[in-house]
Protein chains: 2
Amino acid sequence: MVRKEAMRMVSALFRAGNQGISASWSVGGTRLKSAMPEPSQPKDEDLHAKDGKVLHPHLLNENVVKTQYAVRGELYLRAEQLRKEGKEIIFTNVGNPHALGAKPLTFPRQVLALCAAPFLLDHPRVEEMFPADVIARAKKTLAAFKGGVGAYTDSRGNPMVREEVARFIEKRDGVSSNPDHIFLTDGASVAVRLCLNAMIRHERDAVLVPIPQYPLYSASIRLYGGTLVGYFLDERRGWGLSIEELRRSLAEAREEGKLVRGLVFINPGNPTGQCLSQENLKELIQFAYEERIVLMADEVYQENVYQDERPFVSAKKVMYDMGEPYRSHVELLSFHTVSKGTAGECGLRGGYVEMTNIHPGAIEEVYKCASINLSPNTMGQIALSCLVNPPKPGDPSYELYTKEKASELVSLRRRAHMVTDGFNSLEGVTCNFTEGAMYSFPQIKLPAKALEAAAAAGKAGDVFYCLKLLEATGISTVPGSGFGQEEGTFHLRTTILPREEVMTSFVEKFEKFHKDFMKQYS
Amino acid sequence: MVRKEAMRMVSALFRAGNQGISASWSVGGTRLKSAMPEPSQPKDEDLHAKDGKVLHPHLLNENVVKTQYAVRGELYLRAEQLRKEGKEIIFTNVGNPHALGAKPLTFPRQVLALCAAPFLLDHPRVEEMFPADVIARAKKTLAAFKGGVGAYTDSRGNPMVREEVARFIEKRDGVSSNPDHIFLTDGASVAVRLCLNAMIRHERDAVLVPIPQYPLYSASIRLYGGTLVGYFLDERRGWGLSIEELRRSLAEAREEGKLVRGLVFINPGNPTGQCLSQENLKELIQFAYEERIVLMADEVYQENVYQDERPFVSAKKVMYDMGEPYRSHVELLSFHTVSKGTAGECGLRGGYVEMTNIHPGAIEEVYKCASINLSPNTMGQIALSCLVNPPKPGDPSYELYTKEKASELVSLRRRAHMVTDGFNSLEGVTCNFTEGAMYSFPQIKLPAKALEAAAAAGKAGDVFYCLKLLEATGISTVPGSGFGQEEGTFHLRTTILPREEVMTSFVEKFEKFHKDFMKQYS
């Protein structure tokens with residue numbers, strides 16, 4: 001009964017509004033705490049508010065109003081305000097490498113430049129400005145994009161790029177891939193949302209999502225009127241994903257009458273940074289098969305791996321290696337992007353979903369929905385083309401491209417260690433190593449006095465801590481409550497993306513703040 | 001009572017599914033005909049279909065399944081198939097100028113190239129490849145986009161570009177504009193959908209939409225679970241928009257218990273090409289004020305005007321000129337894009353919405369929803385920056401830029417005449433002149449024998465005609481039923497975008513097909 005109640009409360013967390021009043025509840029035998037919102041009271045039948053407004057915040061779509069999105073929430077808005085007032089802000093609230101000084105890879109940007117300005121190809125100086133393989137690639141790309149980058153493509157994306165993505169997947173996984181089951185989108189978020197929108201019919205339809213999770217999932221599930229069912233990752237075991245916990249969560253949801261249709265997992269993890277083992281993925285696939293649940297594999301950080309024991313392996317490869325009945329029956333949606341990895345091209349908005357074992361009629365429905373926006377942007381598609389079909393050994397650009405990627409990856413690994421070590425050296429802070437992705441998610445043990453001060457300020461403990469951190473150092477993070485965390489624990493998410501040359505000072509700033517904070521509230 | 005029934009049927013048209021069975025019904029005293037879909041039967045409680053699929057087309061979100069999108073519908077799919085089989089297709093189904101050979105404007109593409117590859121700015125040859133103002137503009141843009149084009153921007157878009165859009169609006173309308181009320185999006189479609197999603201709460205919430213309409217509106221309103229309420233444009237008066245018809249439509253909707261919250265108008269019109277007079281816009285604004293309805297001004301074709309009597313004037317300008325109470329009270333959402341005009345940069349996906357007299361809390365809600373996708377794409381934002389802040393007299397790029405735009409606009413005007421004249425020269429075809437936008441929407445009087453053949457093939461008459469046209473000539477159009485039309489009338493939409501050098505042969509192909517068709521079915 002405790003667990004049943006717990007389940008209800010976890011769902012409530014992600015169904016609730018965004019007024020920021022805090023409350024607590026229990027889940028899975030443990031206690032959760034999060035920024036608990038006051039439900040808004042839309043006067044459903046009203047056409048306009050007392051002030052005459054039709055588009056009044058109390059008269060909008062309830063699902064819109066109740067959606068929360070922490071990554072660009074209270075902390076971000078305050079950081080933006082401080083920035084406008086002239087304060088230097090270090091935006092580690094979002095995985096946005098270029099904003100912190102990461103340089104773009106040269107090859108894709110050269111290709112993009114020529115595709116944007118194809119008349120440069122006729123310039124007598126073009127060969128002094130661009131390597132031969134870039135010129136050839138731009139010509140090939142422009143031939144495949146009829147009308148160039150200024151024309152709409154098919155709503156699923158350009159056929160040549162979808163073919164390149166399929167070849168990339170085949171090379172990565174050693175199994176076949178069908179370009180007609182690959183949709184290119186304006187970033188992976190759009191792909192995730194297209195799928196969730198088709199999947200969710202009403203409030204009883206539920207999706208299993210890890211806690212902590214990336215708020216794209218809680219926000220989108222809420223926006224489409226479904227129910228998020230959380231399953232806990234185990235912080236004490238390196239944010240491990242346990243099948244027992246999944247079974248517990250599923251059983252409770254079903255007992256509540258929920259129709260669990262999807263299961264999201266993020267590998268490598270966001271915000272938690274763990275890399276799943278092949279064994280763990282097998283269990284997941286078996287679970288999805290037995291329980292008839294669609295797997296949503298968020299694999300956008302597949303290139304960002306900072307340990308050697310568990311290299312990235314895709315859910316699709318594991319599923320195919322398992323043989324029948326899994327390889328022909330488990331419905332799998334796999335997501336990837338140009339925004340992460342060593343390219344970090346967040347601004348170009350290029351991503352894709354590959355749909356495996358999905359009913360052709362369902363693929364048609366997703367196609368129809370994608371077509372309402374006519375076409376994903378072309379530059380993001382071309383960036384994706386470069387990511388999945390990079391220069392080959394012997395090509396003029398090969399050496400530089402390979403060097404740029406390798407040096408960024410090695411640097412990210414060093415930064416993962418610097419951030420983790422920095423956190424673990426602090427009193428009252430524990431932090432699992434960032435095995436992959438771009439984030440560190442330390443737990444902060446807040447002293448009682450700090451919690452009292454937070455309560456007095458009407459803030460959750462982690463929000464209070466993150467705001468103080470922001471005001472003192474300009475470091476913009478996201479409180480753990482935006483991702484979900486166990487009651488009585490407080491976390492924050494920071495990226496590991498400040499450049500190495502400023503990382504020491506970043507860690508020092510954090511340390512100094514933390515020590516001052518602990519002194520003030522001890 | 002006839003009208004009440006009529007209203008119900010118009011709503012049904014856009015609520016229905018997409019199986020393509022035809023039916024007819026009456027609206028506003030006239031008769032409508034359209035591709036009428038068989039409603040699908042989702043087994044709501046089922047978790048998976050007999051074949052084991054969770055994502056089965058019968059088990060998806062009902063709103064997704066019932067959404068129709070004609071521009072990329074049956075005709076487009078058949079055209080794509082024929083193209084794959086090697087047939088040359090002239091895609092006039094969608095306003096996609098570059099796909100038919102329109103050249104990009106040089107200035108924005110040069111700026112985009114340097115922003116994509118900022119290292120070119122350090123190249124000793126850069127000044128031989130790019131004019132000085134392009135170089136300066138790229139530097140200014142890169143300084144404003146922290147992290148360059150590879151970084152997420154604010155979810156509303158880059159602040160400098162929003163400021164430039166505000167200055168553009170101020171210059172155009174002579175009234176103030178607030179950049180905080182301007183959101184940049186991946187094309188105007190995304191902006192329209194963000195607003196509709198916030199506006200529509202449930203099925204009773206209704207939006208007035210012109211018939212014929214652009215299917216973005218019917219598709220999105222359906223997808224968000226609202227009700228489309230059609231108001232007819234008057235074909236006999238050049239697709240005129242009459243306030244009496246609006247009042248009739250509103251009254252019927254209210255009688256049915258609908259909560260009419262929004263009113264879409266498209267100026268210049270799509271697919272109908274009419275340009276609204278200032279007087280007409282005044283009436284619209286007064287209507288919106290009196291009835292407390294949010295105006296959604298689709299002004300994406302504002303540059304595409306091919307007559308001199310009614311130059312484009314924005315709804316915002318008219319509203320401000322009307323003075324109080326209108327200028328401070330009418331809730332207005334105005335949309336614009338880089339995809340249309342003389343730039344025609346469809347593939348770059350850059351658009352915006354300006355929100356006038358919208359409650360700050362509602363703007364916050366739209367901001368939150370936009371933030372789930374983190375950021376619109378940067379290249380589309382920069383293209384928009386170039387559109388709203390072009391080279392000035394004296395700048396090295398000014399002359400070429402001005403010439404390129406003027407010659408495209410003059411050519412579009414000539415093509416508007418060629419297409420209209422071509423249609424009107426045909427037996428059984430009548431066509432209003434394309435005063436603006438990019439489309440021609442002729443009415444085709446189909447002979448009885450053709451209608452019998454269509455019925456025998458299980459197709460609506462216009463679908464039958466358009467399919468025959470496609471098979472015979474490779475010309476890909478959209479049947480009128482995708483936009484809505486009066487019963488017993490048949491239309492099609494074609495763009496006026498084939499280049500002038502092929503326009504004569506385009507018109508000839510059409511004429512030959514039409515004569516053969518009429519001969520065959522007379």
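A note on names: the letters A, B, ... follow the listed sequences, proteins ahead of strands, and every chain is numbered from 1. Computation of the quantities below employed the complete heavy-atom set of this structure, encompassing side-chain atoms and omitting hydrogens, waters and symmetry-equivalent molecules. Being a predicted model, the structure only gives us computed values, none of them experimental.
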For chain B, find which of [options] contributes the most heavy-atom pairs closer than 4.5 angstrom.
options	result
A/Arg292, A/His123, A/Glu128	A/Arg292
A/Ser155, A/Pro104, A/Gly187	A/Ser155
A/Ala102, A/Ser189, A/Ala362, A/Gly225	A/Ala362
A/Asn197, A/Val294, A/Val366	A/Asn197
A/Gly147, A/Ala383, A/Gly380, A/Ala151	A/Ala151
A/Ile363, A/Thr378, A/Leu112, A/Ile372	A/Ile372

What part of [X] gets closer than 4.5 Å to chain B, counting heavy atoms only: side chain, backbone, both or neither?
X	value
A/Tyr367	side chain
A/Pro97	neither
A/Leu333	side chain
A/Val260	backbone
A/Thr153	backbone
A/Phe145	neither
A/Leu77	side chain
A/Asn63	neither
A/Cys115	backbone

So which heavy atom on [X] is nearest to which on [Y], and how close?
X	Y	result
A/Glu365	B/Val64	OE1-O, 3.6 Å
A/Arg109	B/Pro118	NH1-CD, 4.0 Å
A/Arg201	B/Leu59	CD-O, 3.3 Å
B/Asn96	A/Tyr152	OD1-N, 2.9 Å
A/Lys66	B/Lys368	N-NZ, 4.4 Å
A/Ser375	B/Arg349	O-NE, 3.0 Å

Does the pair B/Asn357 and A/Lys53 meet the rule for a side chain to side chain contact (heavy atoms under 4.5 Å, CB included), with working shown?
CA-CA 9 Å; B/Asn357 296 329; A/Lys53 295 289 185 197; 3.9 Å; yes
Pick one of side chain, backbone, both or neither for B/Ile200, based on which atoms fall under 4.5 Å of a heavy atom in chain A.
backbone
Where do A/Tyr224 and B/Asn61 land on the side chain to side chain contact (heavy atoms under 4.5 Å, CB included) test, with the steps shown first?
CA-CA 9 Å; A/Tyr224 299 135; B/Asn61 179 339; 5.7 Å; no
Given the options B/Arg125, B/Arg193, B/Met379, which has more heavy-atom pairs under 4.5 Å with chain A than any of the others?
B/Arg125
Most chain A-contacting option - heavy-atom pairs closer than 4.5 Å, from B/Val338, B/Val190, B/Asp154
B/Asp154
Quick one: does [X]'s side chain get under 4.5 Å of [Y]'s, heavy atoms only?
X	Y	answer
A/Phe119	B/Thr106	yes
A/Val54	B/Met199	no
B/Cys369	A/Thr67	no

Out of curiosity, [X] [atom1] to [Y] [atom2], how far, rounded to the nearest 0.5 Å?
X	Y	atom1	atom2	answer
A/Leu216	B/Ser371	CG	OG	10.5 Å
B/Leu60	A/Glu364	CG	CD	12.0 Å
A/Asp186	B/Asn373	CG	CG	8.5 Å

Using the side-chain contact (heavy atoms from CB on, under 4.5 Å) definition, which of the options B/Met355, B/Glu331, B/His359 pairs with A/Leu55?
B/Glu331
